[in-house]
Each structure stands twice: as C-alpha cells, then as structure tokens.
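Here's the structure we're looking at; comments come further down.
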Amino acid sequence: MTTKLATAIAAFFLLASIAVIIAISTVQVKQKTYISPGLKYGIVLDAGSSRTTVYLYQWPAEKENNTGIVTQTTKCQVKGPGISEMNLEAWNSLKSCMEDMKSAVPPHQHKSTAIFLGATAGMRLLQQKNKGESNNVLTSMQDYLRSLPFDFHNASIISGQEEGLYGWITVNYLMGNFLEKNIWNAWVHPHGAQTVGSLDLGGASTQIAFAAPSDATGEDLIKISLYGYEYNVYTHSFLCYGKNEAEKKVLAELVKTSSGRLPINHPCYPLGYTFIISGEDVFGSECTKNVTPVWYNTGKTFSFIGQSDPAKCKSLVMKIFDLRTCNTTGKCSFNGIYQPPVTGDFMAYAGFYYTAGALDLKGSNSLEKFNSTMWSFCSMDWKTLKKNYNITDKHLKSYCYSANYVHTILADGYKFNADNWEKLDFQKEVNNTSIAWSLGYMLAQSNMIPAEAKLVKLPISNSVFVVLLFLFSALTIITLTFLIITLVRIFY
Ligand SMILES: *[C@@H]1O[C@H](CO)[C@@H](O)[C@H](O)[C@H]1NC(C)=O
Ligand SMILES: *[C@@H]1O[C@H](CO)[C@@H](O)[C@H](O)[C@H]1NC(C)=O
Ligand SMILES: *[C@@H]1O[C@H](CO)[C@@H](O)[C@H](O)[C@H]1NC(C)=O
C-alpha cells in the first residue's frame, strides 16, 4: 500500500466520522425538541393550624409515572392565621399567593393544572368543636378555589393517618427509595433499599410513619402498593401533640398546680422573661378543655415568670405524656398507643427541624449532644439568649420548651435511644423541595390529573442510536489506525 493511498483512506474515514457525528448530533437535538411536550403542574394548599402554605409542583408531562420526577417550582407562605380563623389580611395574602401561582404556570396550562386543598389538625379540632363552622370554612375555601382559572379537585380535611402516610410517601419519593434507573435505563426496585421513616411536627398534631415488619398488624398499619411493591406502613397521628397545642397543655399543667396563685413560675421560659396570657388562650382549645380547673372563670388572665431551669422543664414536659399506660405487651409509644419498635433511618422535618435548627442541631447528632445542647440553652437567661440568638421574641422564649418536647416525644415516647438517635436526620428539604405531606398527597391523587396529549413518536429508537454510536466508534478507531500507519510510513 502506498503512503498516498493510506492518506486518502484515512481522509475518507475522517470525513465519514465527521458526517456520523453531525448525523448523531442532529438526531440528538431533534430528539430533545420532540422529548419536551412540556411540563405539567399541580398546586397543593397545605392548610395547617397556624398558617397555610401553597406549593407549586412541576414534572415533565411524558414522565409523570416515573419516580423522583416531581420537583417544587415555588412555594408561598400565606400570612396570618390558618383557614379556621381567616381575617382580611390572610385573605389578601392568600390572593397574592394565588397571583404568584398564576404567573408561575404558563397561561395555556392554567386549565389543566390541578389544585387541591388539604386541611390538617387545626380543622380537625374545629370540626370536633363545631361541625357547622368547619363546613362553612371549607365551603368558602372551595368557592374561592373554584373561582380560580385552575382545575379544582378537592378541598377537604385529611385524616391524621392520611397526613402521616403522605409524609412518608414524600420522604421516600424524594430520596428515590421507591424506584431507580438501572444501567439499561429501565426503572427497577432499588436492590436492598430500605425506606426511611417520617416524623412530622405541626402546630396541632404530630405524625410518625415507618415501614413495619410485614407481620405487624393493627389499626395503625396500612398496606399500600407503590410501583408494584407492597409496604406495611405503621402510622399514627397524635392530635393535640403539635408544638403549639402541646405548649398549651404545659401551661394548663402549670396553672392547675398553681391553684390560681400568681405569678406562675415557668421552668422552660427564660429567667428575666415574664408574660401575661388570657385564660382563653390556654383553656379555649379542644386540647385543654378537659383539664380546665373548676375555679377557672372565663376572662381570667395568668402571668408567668421564666426560671431557666432545665431539670424542672424536662420533668414538666414529661407530664403531658402518659408513658405508663400500655396494654399491648409493652409495645407502646405513649398514651397507650401501640407502636412496633422504630427501625431504620428517620427524616424529622417541619417543627422537628425548626426546633433542632434553632439550637444548631440540624442533620444527625448523638442523643448526648442533643441533651447537652438543650441543657445549656435552657440554662440561659433572657438577656443571654437575646444576645446570642437572632430570633424573634415570640419564638425564642419557647425553644427551650420545644427542645424538651422534641427530646421527650422522641426518646421517652417513640423510644429512640443512644444507639439509634443518630439515625434521625433533622432536615426541611431534599433537593430544594420541602419535605411535607402535600407532595405525597398530590402524587396519590395524581391519577385524577387528566392525561396529557398523545406522546410524539421519537424519530429514532434507542437501538438505532446505539448502532450509530457503535459505527462512529469503529470509524474513529479505524481512522486513528490509518493515521498512525501513515505517519509511521512517512517517518521511517
Ligand atoms: C400514568 O398512569 C396513569 C394511571 O395508570 C395513566 O392513566 C396515565 O396515562 C399514565 N401517564 C403516562 C404519561 O404514562
Ligand atoms: C377529597 O379528599 C378526601 C380526603 O383525602 C377524600 O376522602 C375524598 O374522597 C376526596 N373527594 C374527591 C371528590 O376526590
Ligand atoms: C442531660 O444532660 C444533663 C446535664 O449534662 C444531665 O444532668 C442529664 O442527666 C442528661 N439527661 C439525660 C436523659 O441524659
């Protein structure tokens, strides 16, 4: 073979390779434009006891049944109280949140964007107290949501069990525990993957949920199938054990033992901090009405003075939990509620995260570190706290209480101990998506979202693409070989 011929052949293959590269990239670009019929959107209003949060989620339309595809586009915090006590400011704030949603979703997709409202423990309590009023509140929310350009689906009170389960679905969906892509690009059940438990703390209720052994049974166990797999999920919601309602229980406990002598010492509030609270703010709740002292008259107010006493605070907070009653052979959390032993990792979010975060205990830590940090926080007086923490007074005064609440419910209630406390991960989001029941709720109801227009067929299949890629690699190797041969001939 002459050098000239070799060079010509090399040049030919080089040109051929370039042609293949151009062909492949053209197909890739085309494929990209074909692959994106667009994003789909869904809106969920999480109507909590103390406030409402509006979440906007998005996902690629043609992949809606894959896992881990839904992300949070944006969220909007509605000002003011929860929907059970909407005032003008809260309505205006809600309307402005919905304006944000209207501008975040392309106008031609408003009609196909599903909108849901789920009300939680605040409304469960109102329903208990006054069914007519809770219906009125829901009706007014439904009327408002129907007036928006979106596809209204549902505005209702979700049960505590649903709330716990949806939280668990959210956690595991976001962590990719349900399905993953294998090397052949197919969705499979992750090999040996464990699900993660879910710990949610709201203002009026708290939820625990985790995958229990398949032989565990009882009213708190739910069997659900997801992506073809069945899970046995234990979930319990404790009404009145949200952060705010539990704090009222603590105040009620102090008032009861004071027998009406004022001011009342509060070991969890900081030394140098005093406050006056109306009796209605303590005993007006469904959660404390059963412990109202006989001598209490409506209109009475109570004054409290802080003590910064960590040991007394811990034993006070423990009093609102019944840690003794249990008629299911010792397998109880508290208040006589059956719970199988906690297993595996847990995500602790919402109020759990905010409390841990305030004390700089985000992520995972040892039980000892949690206790010692809490202890020194609770020992600080009001002046020291104000100097060391940039937190509003309203919240700052309560973090010692809430840290003790978190410590007690997790350690004494759910029975996390020194060995598995580090399996608790205090977080608020995964990949910029909030950990909240609302995502799991939307996913569960998403078969109600109408199917998108038919998918456009791709110009080439995956296998044609693989053949082209193979051809390209072969040509490159041949070209290089010829070039080397040519160079060798020239120089030797
Ligand atoms: C997703 O699943 C639902 C219910 O099985 C089905 O109706 C819908 O067409 C599916 N969507 C896509 C994009 O495959
Ligand atoms: C609305 O949601 C509630 C709670 O999840 C559910 O029980 C009810 O069936 C739903 N209603 C409709 C019309 O989907
Ligand atoms: C928490 O820490 C304090 C102070 O270090 C200690 O006295 C107390 O016994 C600890 N409590 C627990 C439950 O470990």
Side-chain angles (χ1 to χ4, degrees), residues 197 199 201 206 208 210 238 241-243 246-247 249-251 253-254 257 265-273 305-326 330-337 339-349 351-389 391 395-426:
L199 294 165
L201 175 56
T206 189
I208 178 170
F210 60 97
F238 291 91
Y241 283 84
K243 209 153 58 95
E247 190 168 8
K249 280 173 176 285
V250 168
L251 292 176
E253 181 66 37
L254 286 172
T257 42
N265 286 330
H266 197 320
C268 304
Y269 289 165
L271 199 64
Y273 180 85
I305 56 172
Q307 285 181 296
S308 297
D309 187 332
K312 274 195 186 147
C313 176
K314 172 70 185 170
S315 50
L316 168 67
V317 170
M318 283 181 75
K319 282 192 189 153
I320 67 165
F321 296 88
D322 175 358
L323 298 164
R324 281 180 297 272
T325 315
C326 184
K331 283 187 175 171
C332 282
S333 47
F334 57 92
N335 296 3
I337 300 299
Q339 180 204 288
V342 288
T343 53
D345 295 338
F346 275 79
M347 195 67 99
Y349 52 99
F352 285 115
Y353 167 83
Y354 292 112
T355 303
L359 273 69
D360 206 12
L361 290 165
K362 287 174 199 155
S364 297
N365 285 291
S366 67
L367 176 56
E368 201 198 314
K369 173 149 190 222
F370 194 99
N371 178 54
S372 61
T373 307
M374 173 175 90
W375 210 268
S376 60
F377 186 92
C378 289
S379 309
M380 283 182 231
D381 63 17
W382 188 230
K383 239 164 103 186
T384 315
L385 280 175
K386 294 276 285 174
K387 200 175 69 202
N388 294 348
Y389 294 88
I391 302 175
H395 293 116
L396 186 59
K397 70 136 191 328
S398 285
Y399 276 122
C400 167
Y401 145 74
S402 51
N404 275 278
Y405 169 87
V406 167
H407 185 273
T408 306
I409 195 168
L410 296 180
D412 304 283
Y414 302 150
K415 317 284 185 290
F416 283 93
N417 55 33
D419 294 331
N420 60 11
W421 187 273
E422 277 166 63
K423 299 209 174 254
L424 290 164
D425 193 5
F426 292 85

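Along the sequence shown, the residues carry numbers beginning at 1. Both counts, for ligands and for their atoms, begin at 1 and track the order of listing.
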What residue pairs, at least two apart or across chains, pass side chain to side chain donor-acceptor pair (under 3.5 Å) with a residue in residues 404-422?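 Of all non-adjacent pairs touching residues 404-422, those that pass side chain to side chain donor-acceptor pair (under 3.5 Å) are Lys314-His407, Lys314-Thr408, Lys314-Asp412.
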Under the criterion ring pair (Phe, Tyr, Trp, His ring centres under 6.0 Å), which of Phe370, Phe352, Phe346, Phe210 is the partner of Phe416?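 For Phe416, the ring pair (Phe, Tyr, Trp, His ring centres under 6.0 Å) check succeeds only for Phe346.
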Ring centroids only, cut at 6.0 angstrom: are Tyr389 and Tyr399 within range, meaning strictly under it?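 That pair fails the under 6.0 Å test.
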Step by step, work out the side chain to side chain contact (heavy atoms under 4.5 Å, CB included) result for Lys397 and Leu385. CA-CA 9 Å; Lys397 70 136 191 328; Leu385 280 175; over 6 Å; no
Stepwise, does the side chain to side chain contact (heavy atoms under 4.5 Å, CB included) test hold for Lys243 with Thr355? CA-CA 10 Å; Lys243 209 153 58 95; Thr355 303; 3.8 Å; yes
With Cys400, which of Cys378, Cys313, Cys268 fulfils disulfide (SG to SG under 2.5 Å)?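 Considering Cys378, Cys313, Cys268, a disulfide (SG to SG under 2.5 Å) with Cys400 is found only for Cys378.
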With a 4.0 Å heavy-atom cut-off, what residues sit around ligand 3?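 The 4.0 Å shell around ligand 3 contains Asn371, Trp375.
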